[in-house]
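Take a look at the structure below.
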Number of protein chains: 2
Amino acid sequence: MSMKAVVFRGPYDVGVETRPKPAIRDPTDAIIRVRLAGICGSELHMYRGIQKTGTGHIMLLMGVHIEGHEFIGVIEEIGSDVNKFAVGDEVVSLFSPVCLKCWYCKQGLTNRCVEGVAFGTQKLDGGQAEFVRVPFADGTLHLVPPELDESLLIMMCDIFPTGYYGASRAVEGLLTQHQSPLTSFRDAHSTKVSLKGQNGHTNGSTNGLTNGQTNHHTNGDGPFDPLGSSVVVCLGCGPVGICAITTALSKGIKTVLAVDSVEDRLSEAAQVGAIPLNLSKHNILDEVMSRTQGRGADAVIEVVGNPAALKSAFELLRPCGILSSVGFHQDELPFTGLDCYLKNITMNFGRVPVGTVFKDALECLKENQGALKNYVTHELSLDEAATGFDLFEKRVARKVVLRV
Amino acid sequence: MSMKAVVFRGPYDVGVETRPKPAIRDPTDAIIRVRLAGICGSELHMYRGIQKTGTGHIMLLMGVHIEGHEFIGVIEEIGSDVNKFAVGDEVVSLFSPVCLKCWYCKQGLTNRCVEGVAFGTQKLDGGQAEFVRVPFADGTLHLVPPELDESLLIMMCDIFPTGYYGASRAVEGLLTQHQSPLTSFRDAHSTKVSLKGQNGHTNGSTNGLTNGQTNHHTNGDGPFDPLGSSVVVCLGCGPVGICAITTALSKGIKTVLAVDSVEDRLSEAAQVGAIPLNLSKHNILDEVMSRTQGRGADAVIEVVGNPAALKSAFELLRPCGILSSVGFHQDELPFTGLDCYLKNITMNFGRVPVGTVFKDALECLKENQGALKNYVTHELSLDEAATGFDLFEKRVARKVVLRV
């Protein structure tokens, strides 16, 4: 039996082709009849043909394969070892299989699952197709929650958890710095704030502009609010950036400076509550310094994935600042060991453990769905996939989904 | 009035000269009559003449100045704004003044105090002299605790807090990873372990060698011990490395692999409880992999401060590992953005906030003084400073102090 699928054939060349319908290969597999598939920004690296490899790392992402690591659908068939799901279940998939059995999965470090090859690569066909085979279905799939519109739910495959993780690592870093006896004179317990379920921000009620002059010297009598008094920069306001900004505000950061060069993206950033700064109109360093008494940002969330963004992230941070990077970097680091030593920097890099944060991220998305409900700007048919990639690559579309 | 002082005159050239006795300059100053001064490893960068500067950073460390940022003595004179101390008090100094008034000091980030120029540089004369002027005495000095021998107390000026911080940041990173809902499936509270005051290790009772085969798959019924099951590498077993190893073991890490190429240093590392690995005899990567089921170290403490050590630290870490670097780095980072992304690494760099960790580090040193009591191998007179630098630079001495 055959099916239609969006096939990557080379740089700037994707198209719908007829392919064999996938079958169960391992007993932990499930076959999904796809209903909705997203086009993700991380696919553009490949689409543009600029996927590089590091010394000693083999990445075979350029070969012909079926695109797509964001998809929602109905279970068509399951293997004999799938225990959590039944045929007919409506499910949403993570961007990469999660085996739940390896050492990393058992810890919760599902981002380094030893079976974790991404969908939509030469190693594992993706979900921009009528059907897709999902390995380790029990770890990789989640039941569709009834409360969320499908066009928002598609964000849960990758971009919302990725933005959620980028922002939450920054928040976690700031809280740790403020609570740890290693870096704070405060009682390690008096300002304890739970990372989970915190909601210091009412989304949509302010545009955030009035928060720019927050007083950072509230070391006196009142209770100190380490998140509310922090200035956080988000570099990049594409889909992941918007998700990161939404999360940061939701977790109690009051001042998020959102940096991009695309006006439409900056408008969206302002709408969810950030202070928009256009790279081509503002001196970003001056803007950050003027809001921090000349110190620099307390944390920077970097979602862009190029050396210019990483260099900017480093320069915008205050000494002892937190750099949370979820961008996909392929180049040399644009700062030296001396820079790191002198800035006393704390950094984390890499992809989200999406299996681990899925539930908390989903709660955050539900709470903020009002602000994000118009986020998908283009819903096309599977046959129009080439147009969808083109629109997204040219930044005409915020987010494109394909109806199968 | 004049005094004797150890003067840095150029690479490999220090000597005792007659200098004017320092006087109170600012009302927050104190003048200390020095009794004991240490020679610190970080002075060797300068001594060897290999202090570099980064682009845009001005470091004037090479000029003629009085050496020494480790000293203990008696207060000879105080300025009108010194409130915590009186003439005659016995005090130990931090390696760098702490004003307690700037934004960083108020947070606890005393490592970035805006007044924090180090003693023993062209900007601030050091304590290898009969007298030394101490700026911001209230923040920079601590009363000599009665319980500790002077030759151990001199370690509190710099090397013990530095090693303590390097190890504690690694421990903090591991605990955070195991407790955070972002990176762990565990209940965020069930395995809560306080960073402060924890003592999972009885020093001296084992040499640590029997801990190398710790089972890392204790995910079953028993309580999970995130620190006891971790494998931590300390790169560098000089004075700071020994302090870091002592701290890591004291905080509940059971397996510390200590890496160096100097046998005497490795003997000391083994004596305090680490597993010694000689760079010139062992394949360090194989040793780490064999103890971690091929994953790599959970955390690496890097105290050396050169690119080879940093490269090794990166390579020895498992995915999602913690790199805690307190080495003074002056070169390019020996790994790329792609490396960082693929390893999902968490890193922190830079000097210790010594004002913040002083009390906790002192408690840790007191608890472990038995293991470290013979650490100072050479006590010389001030007049023999040149010999002291030479012995230390050639790694003949573990630690040299000068009796004034």
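In what follows, every chain begins at residue 1, and chains take the letters A, B, ... in the order their sequences are listed. On a predicted model such as this, the values are computed, not experimentally measured, just so you know.
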Proximity breakdown for [X] and chain A, heavy-atom pairs closer than 4.5 Å:
X        : result
B:Phe335 : both
B:Ser325 : neither
B:Val114 : neither

Review point. Can A:Asp158 and A:Thr162 be counted as having a side-chain donor-acceptor contact under 3.5 angstrom?
Key: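 There is such a pair between these side chains.
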Review point. Who are the salt bridge (Lys or Arg N to Asp or Glu O under 4.0 Å) partners of A:Glu332, not counting sequence neighbours?
Key: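 A:Glu332 satisfies salt bridge (Lys or Arg N to Asp or Glu O under 4.0 Å) with no other residue.
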Exercise for review: Please check if the side chain of A:Ser230 supplies one atom and the backbone of A:Asp298 the other of a donor-acceptor pair under 3.5 Å.
Suggested key: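 Checking the backbone N and O of A:Asp298 against the side chain of A:Ser230, no donor-acceptor pair under 3.5 Å is found.
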Check your understanding: Short question: side chain of B:Thr336, backbone of B:Asp339 - any donor-acceptor pair under 3.5 Å?
Key ->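 Indeed, once roles are kept as given, a pair shorter than 3.5 Å links the two residues.
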Check your understanding: Who are the side-chain hydrogen bond (donor to acceptor under 3.5 Å, both in side chains) partners of B:Asp138, not counting sequence neighbours?
Key ->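 Result, side-chain hydrogen bond (donor to acceptor under 3.5 Å, both in side chains) vs B:Asp138: none returned.
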**Study point:** Leading residue by heavy atom contact count with chain A [cutoff under 4.5 Å; candidates B:Cys340, B:Pro161, B:Pro307]
**Key:**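 Highest number of pairs under 4.5 Å: B:Cys340.
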Review point. Does the side chain of B:Leu94 reach to within under 4.5 Å of the side chain of B:Phe358, using non-hydrogen atoms?
Key: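 Heavy-atom side-chain distance check passes, below 4.5 Å.
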Exercise for review: For the residue pair B:Leu227 and B:Val171, establish whether any side-chain heavy-atom pair is separated by less than 4.5 Å.
Suggested key: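 Yes; the side chains approach each other to less than 4.5 Å.
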Donor-acceptor contacts under 3.5 Å from residues 346-357 of chain A side chains, at least two apart:
{"from": "A:Thr346", "atom 1": "OG1", "to": "B:Arg169", "atom 2": "NH2", "distance (Å)": "3.0"}
{"from": "A:Thr356", "atom 1": "OG1", "to": "A:Gly108", "atom 2": "O", "distance (Å)": "2.4"}

**Study point:** Close approach to chain A in residues 308-324 of chain B, criterion heavy atom under 4.5 Å
**Key:**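 Contacts with chain A: B:Arg318, B:Pro319, B:Cys320.
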